[in-house]
Amino acid sequence: MAKKFYITTAIDYVNGRPHIGHAYEKIITDIIARWKRLKGFDVYFLTGTDENAQKNAQAVKEKGVKSKDFVAKNSKEFEKLCEELNLSNDDFIKTTDSKHVKVAQAIFKKIFDKGDIYKKKYSGLYCLGCEAFLTERDLVEGKCPEHNKAPKIVEEENYFFKLSKYEKEILRLVSSKDFIIPEGFRKEIVNRIKQDGLKDISVSRPGLSWGIDVPNDKKHKIYVWIDALSNYISALGYPSGVKFKKYWPADVHVIGKGINWFHSVIWPGLLISAGVKLPKKIWVHGYLTFNGQKISKSLGNAINPSEIISKYGVDPTRYVLIKDIPFNQDGDFSEEALKDRNNNELANDLGNLVSRTLTLCEKYPYCGNDDGLFKSLNLVKIGNYFDSFEIHLALEEIWKFVRASNKYINDKEPWKNEDCREVVLYNLLEALRVISVLLSPFIPETCEKINKQLGVKAGDLKTVKFGLVKKYNVKREGVLFKKI
Ligand code: ME8
């Protein structure tokens, strides 16, 4: 039986339309999901929307429509984005789904029954952007640095979760090098716990009109982060669903750096208390910036990914986001970079290689043995980069083979060099077939087109070797990438 692999993105707030930062997270998750499928894993890939947040409801007031309709309409935009991005997600969860609501309440109740939830009067600084209470230490010049706004002073009676009770276990968990990657983001969490310790956290808000009711106390809504985090198990049918039994614990939660604490500390705390197994890994990514500033709905500098995709195509969009955002840092998004990479890398390197090879193969016969071209393909290295989630390096390593193939065709000149033509063309066809398998996690639409022109079916990792396909059914069809 194939080994299972469960991977998730964060679920997005629906207080506005999706922006390119959301697209980025979904793409990198999709790449890992597709890679694991190539390796033969039984993959479950979940994404969705976080619909019960107060800030979603707040956004409605400004527009004068019903919360329910507003949230449903925006959620559709995120679902549409998944299609536009050509994501291979297996499910799309919405936290207003009744199936989710029941699970969020069941978890709250389980933790309550365990004696880990109590009521107390509380005063704190609430940042609506984060949907979280902040401490003075979190603020920069009195403002939340994520959202550039001063938090509101809130005084209310809340239910509290005894997070402090689990400090030792959580510290042990985050101290393991495997749990939070990359290392810089792991250290941040470890240092914060060591410095401040873990305090109990508020897990309900009184008097809100939007959200999930606390079980047996309709005056309170479940704090949206508790509700949101539980999506990762509600989507699988916790506690008794077949999918839950098969796929939980998650192999990777993919998230942005601003919500690391919720995933690496609070989520494990809740799960330990509820007696549920812990996720295996939190993969934290940096932010997409625009002129150096975080792209966000709250900051009002959002770039609409749908527009970028319809202007330049899905694969150039996916490609540039991987190339320009390093593993553990922020990266600037720019249309100029997209155009450059489309023209110089996708069209010149890959597009030309495919078009030149296929033009020749339509004219001349091809067959022969390994001519040394495959020496420049290092599958072990590529696999290692994927395993350590350094997908931009995996892409770079695959691209070395694309460049080597271009150099090979230039050096051998099969269009005029009859002596070696048959062998060179066969080696190039095999290279294209293998390139198409390896690039399929990154630019799946293009790889489908390459396969169609080669007359082969999409292969998995076992097919990444020379000499597997003897006979091609070559049929050239238009250019892969238009120059912009
Ligand atoms: O945080 N670049 O929702 P969200 C890259 N609902 N990633 C970005 C980004 C940017 N400029 N801006 C946001 C939430 N993200 C919660 C999550 S999960 C149980 C609940 C990332 O819509 C962000 O870090 O603000 C997060 O991982 C995801 O997009 C959704 O952000």
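Read the numbers this way: they start at 1 and go in the same order the structure lists the ligands and their atoms.
- Residue contact check for ligand 1: Y232 places a non-hydrogen atom closer than 4.0 Å to it.
- Under a 4.0 Å criterion applied to the non-hydrogen atoms of L288, ligand 1 contributes the atoms 2 (N), 5 (C), 10 (C), 11 (N).
- Other residues, nucleotides and ligands contribute at most 12 non-hydrogen atoms within 6.0 Å of the NZ atom of K152.
- With sequence neighbours excluded, the residues forming a salt bridge (charged side-chain N to carboxylate O under 4.0 Å, His left out) with D387 are K39, listed by chain and number.
- Salt-bridge formation is not detected for the pair R318/E445: no Lys NZ or Arg NE/NH1/NH2 atom is positioned less than 4.0 Å from an Asp or Glu carboxylate oxygen.
- Counting heavy atoms under 4.0 Å from ligand 1, residue H263 touches it through the side chain alone.
- Numbered from 1 in the order shown, with element, the atoms of ligand 1 that lie under 4.0 Å from a heavy atom of D50 read 6 (N), 16 (C), 20 (C).
- Looking at ligand 1, you'll find an N or O of Y13 within less than 3.5 Å of one of its N or O atoms.
- Residue E25 has at least one N or O atom closer than 3.5 Å to an N or O atom of ligand 1.
- Among I11, T8, I259, L229, the residue whose heavy atom sits closest to atom 20 (C) of ligand 1 is I11.
- Residue contact check: W225 has heavy atoms under 4.0 Å from atoms 16 (C), 17 (C), 18 (S), 19 (C), 20 (C) of ligand 1.
- Atoms of ligand 1 lying under 4.0 Å from any heavy atom of A10, numbered from 1 in the order shown and given with element: 18 (S), 26 (C), 27 (O), 28 (C).
- Residue P151 comes nearest to C127 through the heavy atom pair CB-N, 4.0 Å, listed as atom of the first residue, atom of the second, then distance.
- In this structure, W399 has its ring center under 6.0 Å from that of Y319.
- Aromatic ring centres of F333 and Y24 lie farther apart than the 6.0 Å criterion allows.
- Closest approach of I180 and V174 over heavy atoms only: CD1-CG1, 3.9 Å.
- Taking a cut-off of under 4.0 Å to the non-hydrogen atoms of A228, the atoms of ligand 1 that pass are 19 (C).
- Within the listing of ligand 1, atoms 5 (C) sit less than 4.0 angstrom from a heavy atom of G286.
- Remark: aromatic rings of Y122 and F133 are close, center separation under 6.0 Å.
- Every atom of ligand 1 is numbered from 1 in the order shown, and the set under 4.0 Å from a heavy atom of G256 is 24 (O), 27 (O).
- When the heavy-atom distances from atom 9 (C) of ligand 1 to H253, H22, H19 are ranked, the shortest goes to H19.
- Between H263 and F185, the ring centre distance reaches or exceeds 6.0 Å.
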